[in-house]
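Have a look at the structure below, then the notes.
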Amino acid sequence: MWLNCRLLSLPKIAGYPWKVAGSLQTSSRAYSVIPPPRDREEEEMMHRMLRVDHAGEYGANRIYAGQMAVLGRSRTGPLIQQMWDQEKKHLAKFNEILAENRVRPTALLPLWNLAGFALGASTALLGKEGAMACTVAVEESISEHYNSQIRALMESDPERYTELLQMIKEFRDDEMDHHDTGLEHDAESLPGYWLLKNAIQLGCKAAIYVSQRV
């Protein structure tokens with residue numbers, strides 16, 4: 001889901017998987033996914049990209065946490081948990097990459113922590129359809145964001161960013177699967193679906209914009 005964005009000094013956030021440095025696997029290369037920047041401009045571009053992707057995956061995790069707090073014991077619980085487990089893997093990978101490349105995460109993580117959980121829980125209170133509508137809106141936003149990054153990297157130097165492109169495409173495909181799952185489980189049957197979807201996606205766009213910069 002989004003977005004649908006770990007290093008220096010972070011406030012302690014419950015459930016935030018921060019201790020990743022010791023788990024980094026050694027490699028025969030000097031880097032795992034991100035090539036060393038050629039200049040300051042490329043470094044800043046990569047940092048903005050990674051910062052917002054990390055923020056998006058973090059926010060998605062908090063949304064699913066909110067949904068599980070409300071619907072975890074319902075019939076929909078296992079489905080939400082399955083999607084959440086994939087998002088946890090995405091977030092763990094970005095935790096690793098940010099630490100490896102000394103990228104500062106957005107300073108707004110405490111806000112996304114609260115806002116994401118609140119969004120997930122409040123839409124889940126509308127029932128399964130509300131949770132699925134939220135999933136569709138957020139995952140569509142994140143997928144579109146990943147697609148824009150894929151286009152930018154392909155236009156820049158696809159061979160240089162081979163590993164990064166492969167990872168983003170994989171995560172994009174997971175987000176689209178979640179989006180489709182939401183539609184398959186009656187998201188559009190929620191009264192006011194389009195209004196809710198547009199409102200959530202407007203919030204996603206704003207979050208993407210500020211997470212790149214703050």
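Note that this is a predicted model, so its numbers are computed, not measured. Below, each value reflects all heavy atoms present in this structure, side chains not excepted, and no hydrogens, waters or symmetry copies.
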**Request:** Walk me through it: do M167 and I97 pass the test side-chain contact (heavy atoms from CB on, under 4.5 Å)?
**Result:** CA-CA 11 Å; M167 185 192 75; I97 293 173; 3.5 Å; yes
**Asked** Among M46, Q166, M154, whose side-chain contact (heavy atoms from CB on, under 4.5 Å) with Y161 holds?
**Response** M46
**Item:** Nearest non-hydrogen partners of R104 and R51, listed with the distance
**Value:** O-NE, 2.7 Å
**Item:** For L108 against V214, the heavy-atom pair lying closest together
**Value:** CG-CG1, 4.0 Å
**Request:** Search all heavy atoms of A133 against all heavy atoms of Y193 and return the closest pair with its distance.
**Result:** CB-CD1, 3.7 Å
**Test log, rule salt bridge (charged side-chain N to carboxylate O under 4.0 Å, His left out), inputs E42 and R160** = CA-CA 12 Å; E42 183 184 27; R160 177 169 173 76; 2.9 Å; yes
**Fill in**
So CG of L98 and CD of E100: to nearest 0.5 Å the spacing works out to 10.5 Å
**Asked** So which heavy atom on A121 is nearest to which on V70, and how close?
**Response** O-CG2, 3.7 Å
**Prompt:** Any idea which heavy atoms bring L126 and G130 closest together, and the distance?
**Reply:** CB-CA, 4.0 Å
**Message:** Looking only at the side chains, is there a donor atom on one of Q86 and H90 sitting less than 3.5 Å from an acceptor on the other?
**Reply:** no
**Geometric class of the F94/F171 ring pair [parallel <30°, tilted 30-60°, perpendicular >60°]** = perpendicular
**Asked** Which atom names give the shortest non-hydrogen contact between A187 and V136, and what distance separates them?
**Response** CB-CG2, 3.8 Å
**Message:** Checking the side chain of S122 only, and the main-chain atoms of A118 only, is there a donor and an acceptor separated by less than 3.5 Å?
**Reply:** yes
**Message:** Is there a side-chain hydrogen bond (donor to acceptor under 3.5 Å, both in side chains) between E57 and N61? Walk through the geometry before answering.
**Reply:** CA-CA 6 Å; E57 296 294 351; N61 269 266; 4.9 Å; no
**Message:** Treating N198 as the side-chain partner and W194 as the backbone partner, does any N or O pair qualify as donor plus acceptor under 3.5 Å?
**Reply:** yes
**Request:** Using atom types as modelled and distance alone, determine if a side-chain donor or acceptor of Q67 lies under 3.5 Å from a backbone N or O of G120.
**Result:** no
